[in-house]
Amino acid sequence: MTTDNGVSLEARGLTRVYRRGSEEIHALDGVSLTIKRGEFVSFMGPSGSGKTTLINLLGCLENPSTGELELAGRSIFGGGKILGERVLTRIRREVFGYIFQNFYLIPTLTVRENVALPLAFYKKPGVEGEVERLLGMLGMDHRMNHLPGQISGGEMQRVAIARALVNRPEILLADEPTGNLDSKRSGEIGEVLQDLNRNAGLTIVMVTHNPGLARLGGRLIEMRDGQAYEC
Ligand SMILES: Nc1ncnc2c1ncn2[C@@H]1O[C@H](COP(=O)(O)OP(=O)(O)O)[C@@H](O)[C@H]1O
Ligand SMILES: [Mg+2]
């Protein structure tokens with residue numbers, strides 16, 4: 001799924017309103033932005049400013065209240081229309097890799113099995129050997145047969161990264177990928193992400209509270225009260 005103009009994601013006027021009882025929360029208040037293929041974009045901003053809501057919308061995991069989203073020139077949301085769930089599921093599996101702050105590893109599966117899990121649902125042609133290759137690249141080859149409970153937080157995040165990459169996504173979305181890690185481990189994860197962006201051409205969209213990590217990308221966007229400001 002590629003286009004000639006190099007645009008990966010285009011958001012126009014995205015809003016998202018949550019209702020809690022009679023209260024309306026404007027989590028996103030009109031966000032427009034363009035992310036080009038191969039970019040590494042970081043989002044920073046205070047808690048509650050809408051970062052997770054935005055990254056979930058960009059990743060086609062949630063629907064906006066209003067606004068439009070295009071992925072590689074294809075309309076995902078817009079004009080009151082939303083793609084069918086089957087198509088969305090396919091796009092999520094084939095285009096995106098997701099990394100969450102809490103890793104979400106399956107505790108009863110080994111490191112190797114966790115990384116291989118997405119392949120049970122969809123396997124991109126040519127990814128044979130990718131589980132081992134990624135775990136090797138991330139310095140985890142000696143932990144393949146361990147369970148998540150037997151490895152450190154930094155190692156768990158490496159496993160989550162390998163799992164996000166196993167189907168060779170075009171776009172990696174990472175919501176506070178080092179939120180649970182100390183600064184040394186955060187730096188290591190940062191290096192891995194930067195390397196993937198520079199040398200594998202992976203488009204990265206990352207939310208972080210870590211200024212050092214945010215600077216790794218070429219582009220920083222600040223979220224405030226549901227709006228996005230280019231820095
Ligand atoms: N499912 C939800 N139901 C109600 N309110 C929500 C929900 N998810 C997020 N919010 C609210 O939307 C705002 C933005 O949240 P979020 O996108 O998680 O911000 P951030 O990731 O920047 O901390 C917050 O006020 C939050 O409480
Ligand atoms: Mg968040």
Side-chain angles (χ1 to χ4, degrees), residues 8-35 39-71 76-78 82-83 85 88-89 91-92 96-105 153-154 156-161 163-164 169 171-183 185-187 189-190 192-193 203-217 219-231:
S8 209
L9 284 165
E10 171 125 30
R12 284 187 295 267
L14 290 180
T15 73
R16 176 71 203 231
V17 182
Y18 293 109
R19 274 170 237 288
R20 217 165 1 205
S22 60
E23 191 191 359
E24 276 194 351
I25 298 157
H26 293 260
L28 282 187
D29 193 15
V31 171
S32 300
L33 52 89
T34 300
I35 295 173
E39 268 194 308
F40 184 164
V41 187
S42 301
F43 287 86
M44 293 190 84
S47 179
S49 59
K51 304 180 300 295
T52 293
T53 304
L54 178 59
I55 205 169
N56 286 344
L57 285 181
L58 294 176
C60 308
L61 293 172
E62 284 186 42
N63 304 333
S65 299
T66 59
E68 298 172 11
L69 179 71
E70 281 179 15
L71 170 68
I76 306 290
F77 315 113
I82 297 172
L83 283 184
E85 201 50 42
L88 281 174
T89 300
I91 288 171
R92 289 174 194 134
F96 292 101
Y98 305 95
I99 304 175
F100 306 98
Q101 184 179 355
N102 295 322
F103 317 138
Y104 294 122
L105 301 180
M156 283 192 234
Q157 192 56 300
R158 283 160 192 268
V159 177
I161 292 175
R163 183 186 53 189
I171 306 172
L172 183 69
L173 298 177
D175 192 357
E176 303 196 31
T178 64
N180 285 321
L181 304 181
D182 63 36
S183 62
R185 299 286 166 234
S186 300
I189 297 297
V192 168
L193 294 178
T203 305
I204 301 181
V205 181
M206 176 176 72
V207 170
T208 181
H209 284 297
N210 181 328
L213 212 62
R215 273 195 295 273
L216 290 179
R219 185 172 166 202
L220 178 61
I221 295 174
E222 195 189 329
M223 293 293 296
R224 250 180 291 138
D225 299 328
Q227 297 191 329
Y229 300 89
E230 204 82 36
C231 295

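In this text, all values refer to a predicted model and were calculated from it rather than measured experimentally. Whatever order the structure lists ligands and atoms in, that order sets their numbers, starting from 1.
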Worksheet item: Would atom 9 (C) of ligand 1 count as contacted, meaning some protein heavy atom under 4.0 Å?
Response: yes

[atom] [closest protein heavy-atom partner, distance rounded to 0.1 Å]:
atom: atom 22 (O) of ligand 1; value: K51 NZ, 2.7 Å
atom: atom 27 (O) of ligand 1; value: R20 NH2, 4.0 Å
atom: atom 12 (O) of ligand 1; value: A27 CB, 3.3 Å
atom: atom 18 (O) of ligand 1; value: T52 CB, 3.7 Å
atom: atom 1 (N) of ligand 1; value: Y18 CE2, 3.7 Å
atom: atom 19 (O) of ligand 1; value: G50 N, 3.2 Å

Worksheet entry | Residue and atom names of protein N/O/S atoms that fall under 2.8 Å from the Mg ion (ligand 2) | T52 OG1

[X] neighbourhood, listing ligand 1 atoms whose heavy-atom distance to it stays under 4.0 Å:
X: P46; result: 22 (O)
X: S47; result: 23 (O)
X: T53; result: 15 (O), 16 (P), 17 (O)
X: I25; result: 5 (N), 11 (C), 12 (O), 25 (O)

Item to complete: State which residue, out of L33, T34, V41, I35, fulfils the side chain to side chain contact (heavy atoms under 4.5 Å, CB included) condition with L9.
Response: I35

Worksheet item: Can you tell me if G226 has a non-hydrogen atom under 4.0 Å from ligand 1?
Response: no

Worksheet item: Below 4.0 Å from any atom of ligand 1, is there a heavy atom belonging to G48?
Response: yes

Worksheet item: What residues form a side chain to side chain contact (heavy atoms under 4.5 Å, CB included) with Q101, not counting sequence neighbours?
Response: E176, N180

Practice prompt. Report yes if the side chains of L61 and I55 come closer than 4.5 Å at any heavy-atom pair, otherwise no.
Written response: no

